[in-house]
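Inspection log for the structure reproduced underneath, given as structure tokens.
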Amino acid sequence: MRKKLVAGNWKMNMTFQEGIELINKLLNQAQNIPQDVELLIAPPYIHTSEAARLLKDGAIYLGAQNCSQFDGGAYTGEISARMLRSCGVSHVILGHSERRAYFHEDSDMLKDKLSQALHNQLTPILCCGEQLEERTSDNHFKTITKQLENVLFHFSPEELQTLIIAYEPVWAIGTGKTASPEQAQEMHAHIRQLVNNKFGQSFAENITILYGGSCKPSNAKELFAKPDVDGGLIGGASLKPDDFMAIAKSFPHK
Ligand code: PGA
């Protein structure tokens with residue numbers, strides 16, 4: 001079922017103590033969020049076990065920012081999907097543009113990561129997004145199509161039942177320059193059409209597509225009012241509990 005979701009990507013921020021403090025602040029405010037809006041945080045790995053303990057009543061889902069493409073074994077420094085699952089993680093962000101750019105994650109690797117997530121019952125949040133030059137040269141639709149096709153089209157709609165997609169234009173991430181609601185809507189509609197063509201209408205109608213890139217309390221309402229924008233993947237503003245919760249209250253009333 002298509003969900004309204006606001007997910008916080010903490011990136012490499014927060015010491016252990018700061019993170020726990022932030023989780024407690026979020027928990028204090030979580031009951032003020034409309035029933036049909038889901039909240040999720042993806043802290044760094046070091047917070048995972050304690051976060052799972054604090055979030056065990058399910059008011060806020062716990063995600064990870066990445067997982068290994070391998071099952072397990074001699075891969076120093078890596079964390080597997082199975083390990084995350086064993087700590088109480090339910091979601092994993094895959095293919096964030098920072099991972100694509102700084103850690104050379106390509107479609108083949110992301111296909112394996114997605115497979116690991118699915119086999120270990122983690123809900124994948126697959127990110128896609130174009131660079132500024134791709135948009136200015138009018139290649140943004142082509143870029144997103146390619147990024148999604150190259151990873152998702154190896155799977156069946158049944159396997160991808162839980163998939164969430166996050167559209168995050170790279171030029172909008174951490175820059176304060178958000179996509180306009182119209183730009184977000186036209187890309188979200190494009191993504192929905194793409195999965196419709198490949199996986200069918202009911203899959204397309206039910207998939208949750210998040211917008212990410214400088215989403216804040218001041219622009220979330222306009223973005224979430226668009227028919228194909230089902231929520232947000234929030235970076236900077238997810239570190240400020242009041243902002244994160246204000247974003248979660250920005251969905252239009254039915
Ligand atoms: P931002 O990051 O909200 O700080 O722009 C979004 C993201 O990278 O997920």
Side-chain angles (χ1 to χ4, degrees), residues 3-14 18-19 22 26 37-45 47 51 60-67 89-105 110 113-114 117 122-132 134-135 140 143-144 147-148 151 163-181 183-184 187-188 191 208-224 226 229-251:
K3 292 179 174 129
K4 294 177 184 167
L5 174 67
V6 172
N9 173 12
W10 290 11
K11 309 194 180 185
M12 197 172 74
N13 291 296
M14 300 279 139
E18 289 164 351
L22 176 53
L26 293 171
V37 176
E38 295 188 351
L39 297 174
L40 175 142
I41 55 164
Y45 290 140
H47 296 88
I60 302 175
Y61 288 109
L62 178 59
Q65 299 171 20
N66 179 30
C67 73
V89 169
S90 57
H91 293 63
V92 62
I93 299 170
L94 295 176
H96 190 280
S97 59
E98 288 151 16
R99 299 230 37 106
R100 292 179 192 254
Y102 306 139
F103 304 98
H104 314 295
E105 293 193 358
L110 287 170
K113 289 187 180 216
L114 181 56
L122 293 178
T123 296
I125 303 177
L126 180 67
C127 302
C128 57
E130 80 282 1
Q131 307 277 342
L132 184 59
E134 289 165 325
R135 179 163 281 271
H140 43 303
T143 300
I144 301 305
Q147 285 178 356
L148 292 177
V151 178
L163 176 75
I164 294 169
I165 294 175
Y167 168 58
E168 299 202 305
V170 179
W171 48 271
I173 295 179
T175 56
K177 242 192 263 161
T178 186
S180 71
Q183 286 172 323
M187 188 57 86
H188 282 227
I191 293 169
T208 299
I209 307 178
L210 307 178
Y211 169 78
S214 298
C215 183
K216 328 181 250 278
S218 57
N219 57 30
K221 261 200 187 82
E222 282 178 284
L223 287 161
F224 295 177
K226 293 294 178 192
V229 178
D230 305 315
L233 181 54
I234 318 298
S238 74
L239 303 174
K240 301 177 192 149
D242 292 347
D243 284 8
F244 189 62
M245 291 302 172
I247 293 170
K249 290 181 195 157
S250 299
F251 290 92

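Note that ligands are numbered from 1 as they come in the structure, with each ligand's atoms numbered from 1 the same way.
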For ligand 1, which atoms, with element, lie under 4.0 Å from some heavy atom of [X]?
{"X": "H96", "value": "7 (C), 8 (O), 9 (O)"}
{"X": "N9", "value": "9 (O)"}
{"X": "G174", "value": "1 (P), 4 (O), 5 (O)"}
{"X": "G236", "value": "1 (P), 3 (O), 4 (O)"}
{"X": "K11", "value": "2 (O), 7 (C), 8 (O)"}
{"X": "S214", "value": "1 (P), 3 (O), 5 (O)"}

[X] touching ligand 1 at heavy-atom level, < 4.0 angstrom:
{"X": "A237", "answer": "no"}
{"X": "K216", "answer": "no"}
{"X": "A172", "answer": "yes"}

Margin query: Just checking K226: does its NZ atom have more than 12 heavy atoms from other residues, nucleotides or ligands closer to it than 6.0 angstrom?
Written below: yes
Item checked: Residue Y61 excluded, over 12 heavy atoms near OH under 6.0 Å ->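 It does not: Y61 OH has 12 such atoms or fewer within range.
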Notebook entry, point to check: Among protein heavy atoms, which sits nearest to atom 9 (O) of ligand 1, and what does the distance come to when rounded to 0.1 Å?
Noted result: E168 OE2, 2.6 Å
Next item on the list: Could you check atom 3 (O) of ligand 1 against the protein and tell me its nearest heavy-atom contact, residue, atom and distance included?
Entry: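 The closest one turns out to be G235 N, 2.9 Å.
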Next item on the list: For ligand 1, find out whether one of its N or O atoms is nearer than 3.5 Å to an N or O atom of G212.
Entry: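 No, since none of the N or O atoms of G212 sits under 3.5 Å from an N or O of ligand 1.
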Check: Can you tell me if E168 and H96 form a side-chain donor-acceptor pair at under 3.5 Å?
Finding: yes
Margin query: Contact between E130 and W171 at the side-chain level, heavy atoms closer than 4.5 Å - yes or no?
Written below: yes
